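Position 1 is the first residue of the sequence, and the numbers go up from there. This is a predicted model, so every value here is computed, not measured.
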Amino acid sequence: QVQLVESGGGLVQSGGSLRVSCVASGRPSSTYAMGWFRQGPGKEREFVAASSKFGATTSYTDSVKGRFTISRDNAKNTVYLQMNSLKPEDTAIYYCAVNSVSIGQLRGGLVDYWGQGTQVTVSS
């Protein structure tokens, strides 16, 4: 069993920056690809970004490329999502997710565990 706890969400103006974090407990984070999904108002949950088990490979959805950066610190069992140049359409609940096999599976939506989510609101 793995528990994922997100933090760092909040309200920010358009063009601003925010960093969300996710701490994993129960098993070493290096055993999982880790990533982020989001669900905006009235929308389906979608993939945002993912990192392979040791951070060598990352993947992003097109709408956040060049603005968001995923990173991880396995010594702290933590994955981060640095979000810059935020837009109102980035408003969503951001969920941390892990997959024990690969970043590819995680990107495809095969999630072993989810966090509870953290709200990010971008005002125009």
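- For the atom pair OG (Ser124) and NZ (Lys87), the distance works out to 14.0 Å, reported to the nearest 0.5 Å.
- Taking all atoms of both residues into account, the shortest heavy-atom contact from Asn74 to Ser30 is ND2-CB, 3.6 Å.
- Panel note: side chain Ser52, backbone Thr57; a donor-acceptor pair is recorded below 3.5 Å.
- No donor-acceptor contact under 3.5 angstrom links the side chains of Glu46 and Gln39, judged on distance only.
- Using a 4.5 Å heavy-atom cutoff, the side chains of Arg27 and Tyr113 are not in contact.
- In this structure, the side chain of Asn99 does not engage the main chain of Ala33 through any donor-acceptor pair within 3.5 Å.
- Across Gly9 and Val20, no two heavy atoms sit closer than the pair N-CG1, 3.8 Å.
- Atom CG of Asp90 sits about 7.0 Å away from atom OG of Ser63, to the nearest 0.5 Å.
- In this structure, OG1 on Thr58 lies 9.5 Å from NZ on Lys65, to the nearest 0.5 angstrom.
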Exercise for the section: For the pair Tyr80 and Thr78, evaluate side chain to side chain contact (heavy atoms under 4.5 Å, CB included) and give the outcome as yes or no after the intermediate values. Expected result: CA-CA 7 Å; Tyr80 306 95; Thr78 302; 3.4 Å; yes

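- Connection of Val12 to Val64 is established within a shared hydrophobic cluster, with ILVMFWY side chains joined at heavy-atom distances below 4.5 Å, either directly or through further cluster members.
- Counting only N and O atoms by type, the side chains of Gln119 and Thr121 include a donor and acceptor under 3.5 Å apart.
- Remark: Tyr94 pairs with no residue by the ring pair (Phe, Tyr, Trp, His ring centres under 6.0 Å) rule, at least two apart or across chains.
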Handout entry: Check against side chain to side chain contact (heavy atoms under 4.5 Å, CB included), Ser25 and Val2
Key = CA-CA 6 Å; Ser25 61; Val2 172; over 6 Å; no

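- For the residue pair Arg67 / Ser85, no side-chain donor-acceptor distance below 3.5 Å is found, with atom types taken as modelled.
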Practice task
Dump the intermediate steps for side chain to side chain contact (heavy atoms under 4.5 Å, CB included) on Arg72 and Phe54, then the final yes or no.
Solution key: CA-CA 8 Å; Arg72 64 191 295 164; Phe54 293 95; over 6 Å; no

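- Taking all atoms of both residues into account, the shortest heavy-atom contact from Arg38 to Ala92 is CB-CB, 3.8 Å.
- Between the side chain of Glu6 and the backbone N or O of Gly117, at least one donor-acceptor pair lies under 3.5 Å.
- Under the 4.5 Å side-chain heavy-atom criterion for Ile, Leu, Val, Met, Phe, Trp and Tyr, Leu81 and Val120 are members of the same hydrophobic cluster.
- Separation of atoms CG (Leu106) and NZ (Lys53) is listed at 11.5 Å; rounding is to 0.5 Å.
- Put simply, the side chain of Tyr60 reaches to within 4.5 Å of the side chain of Thr69, judged on heavy atoms.
- Ser51 contributes atom OG, which lies 8.5 Å from atom CE of Met34 (distance to the nearest 0.5 angstrom).
- Minimum heavy-atom separation, Leu4 to Gln116: O-OE1, 3.3 Å.
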Problem - side chain to side chain contact (heavy atoms under 4.5 Å, CB included) between Tyr32 and Asp112, worked out - result: CA-CA 9 Å; Tyr32 291 97; Asp112 293 333; 3.9 Å; yes

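- Contact of the Ser21 side chain with the Arg19 side chain is registered, since non-hydrogen atoms from C-beta on lie closer than 4.5 Å.
- Ile70 is not connected to Ile103 by any chain of hydrophobic side-chain contacts under 4.5 Å among Ile, Leu, Val, Met, Phe, Trp and Tyr, and they are in different clusters.
- Donor-acceptor pairing under 3.5 Å is recorded for the side chains of Ser17 and Asn84.
- Interatomic distance, Leu18 CG to Leu86 CG, rounded to the nearest 0.5 Å: 6.5 Å.
- With Phe47 as the partner, the ring-ring contact (aromatic ring centres under 6.0 Å, His included) test is satisfied by one option alone out of Trp36, Phe68, Phe37, Tyr95: Phe37.
- Closest of all the heavy-atom pairs between Val111 and Ala97 is CG1-CB, 3.7 Å.
- Nearest heavy atoms, Val79 versus Ser71: CG2-O, 3.2 Å.
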